Asks: 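If you scroll down you'll find the structure; I have some questions about it.
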Amino acid sequence: MSDGFASLALMHIDNFDRTEWIKRLTACLHDLEAAQQPFLQWYFTPSGYPRILRNGRDETPYPSEALGKLYDDALFEARFRKTEKFKKLKAALDPVRGVLRDHPTLARAMGRDLKRDEFQVGILNHTSMTTLSQLIVGLMEYQDEGTTEPFRKPASDLSTLLELSLVQAEAEKAESLGTAIDVAVYCGACFEDEVELGE
């Protein structure tokens with residue numbers, strides 16, 4: 001990173017308003033959720049994907065891979081020469097990407113190239129590439145359906161996580177993010193009676 005860009009990143013950190021960023025991201029995710037519904041229906045109607053309607057609201061849990069593909073198709077729409085088809089979705093998706101890029105950590109990781117969607121994530125000794133599309137999919141899946149602002153907690157948690165790379169977050173903010181839990185997941189047949197297996 002050049003000295004000039006490093007100075008710009010540090011200045012951005014000092015001027016960063018966490019509360020306002022969370023508020024903006026929450027609003028943009030809400031708009032995106034409404035805008036993507038017709039596109040998800042368009043993706044899944046031909047395949048006969050089972051739909052779940054509760055109290056007149058579509059609560060179909062679309063697979064994360066489908067959301068990621070939809071966002072990527074909208075991002076790279078010019079490639080498919082379908083600019084009109086994805087226009088409304090892109091209009092809702094671009095503000096989410098813009099708010100994400102405004103976070104000092106992502107601004108530092110992604111640089112100034114607005115066409116760039118991927119960035120590298122490092123945790124301990126492991127690094128991998130991810131994209132803003134995948135980040136948005138995660139925020140969509142993590143939404144809290146039980147509140148009037150279902151995206152506020154995901155946006156807040158993301159900001160806290162991103163801030164850990166910039167400064168030491170306050171203990172109460174980072175409490176759950178610094179905790180590791182051993183989990184054993186078992187998926188398979190459940191036998192209630194003893195079964196002879198032979199050899």
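Worth saying up front: this structure is predicted, and the values here are computed from it rather than measured.
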Asks: What distance do Leu67 atom CG and Leu139 atom CG have between them, rounded to the nearest 0.5 Å?
Replies: 11.5 Å

Asks: Evaluate the side-chain proximity of Tyr142 to Asp157: yes if any heavy-atom separation is below 4.5 Å, no if none is.
Replies: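 A side-chain contact exists here, since the closest heavy-atom pair is under 4.5 Å.
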
Asks: Would you confirm whether Ser159, through its side chain, and Ala155, through its main-chain N or O, come within 3.5 Å as a donor-acceptor pair?
Replies: no

Asks: Given 3.5 Å as the limit, does a donor-acceptor pair link the side chain of Gln143 with the main chain of Met140, or not?
Replies: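 Yes: the side chain of Gln143 pairs with the backbone of Met140.
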
Asks: For Gly68 versus Val137, what's the shortest heavy-atom pair and its separation?
Replies: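 Between these two residues, the closest heavy atoms are N-CG2, 3.5 Å.
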
Asks: Would you name the heavy atoms of Ser133 and Arg97 that are closest together and state the gap between them?
Replies: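 Between these two residues, the closest heavy atoms are OG-NH2, 2.9 Å.
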
Asks: Quick one: do His103 and Leu158 satisfy side-chain contact (heavy atoms from CB on, under 4.5 Å)? Show the steps, please.
Replies: CA-CA 10 Å; His103 197 286; Leu158 176 62; over 6 Å; no

Asks: Starting at SG of Cys28, measure out to CD1 of Ile136 and round the result to the nearest 0.5 Å.
Replies: 9.5 Å

Asks: Using the rule given for side-chain contact (heavy atoms from CB on, under 4.5 Å), can you reason through Lys153 versus Thr147, listing the C-alpha separation, both sets of side-chain angles and the distance that settles it, and then say yes or no?
Replies: CA-CA 10 Å; Lys153 181 166 175 29; Thr147 68; over 6 Å; no

Asks: Looking at every heavy atom in both Ala34 and Pro38, which two are closest together, and how far apart are they?
Replies: O-CD, 3.8 Å

Asks: Can the ring centroids of His30 and Phe151 be said to lie less than 6.0 angstrom from one another?
Replies: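 His30 vs Phe151: aromatic centres not under 6.0 Å.
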
Asks: Is Arg101 reaching over with its side chain to a backbone N or O of Leu132, donor-acceptor style, under 3.5 angstrom?
Replies: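 Not at all, since once roles are kept as given, no pair shorter than 3.5 Å links the two residues.
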
Asks: What's the spacing between Trp21 CH2 and Thr26 OG1 if we round to 0.5 Å?
Replies: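 With rounding to 0.5 Å, CH2 (Trp21) is 8.5 Å from OG1 (Thr26).
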
Asks: Just do the side-chain contact (heavy atoms from CB on, under 4.5 Å) check on Leu29 and Glu33 with the steps written out, would you?
Replies: CA-CA 6 Å; Leu29 288 168; Glu33 183 186 37; over 6 Å; no

Asks: Look up atom OG1 in Thr105 and atom CG in Leu100, then write down how far apart they are to the nearest 0.5 Å.
Replies: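 One gets 11.5 Å once the value is rounded to the nearest 0.5 Å.
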
Asks: Could you check Gln36 against Leu89 for side-chain contact (heavy atoms from CB on, under 4.5 Å), going step by step and ending with a plain yes or no?
Replies: CA-CA 6 Å; Gln36 73 187 14; Leu89 180 62; 3.9 Å; yes

Asks: Contact between Ser156 and Arg18 at the side-chain level, heavy atoms closer than 4.5 Å - yes or no?
Replies: yes

Asks: Atom CZ in Arg108, atom CG in Leu162: separation rounded to 0.5 Å?
Replies: 10.0 Å

Asks: Between atom CZ of Phe119 and atom CD of Gln134, what is the distance when rounded to the nearest 0.5 Å?
Replies: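 Those atoms lie 8.5 Å apart.
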
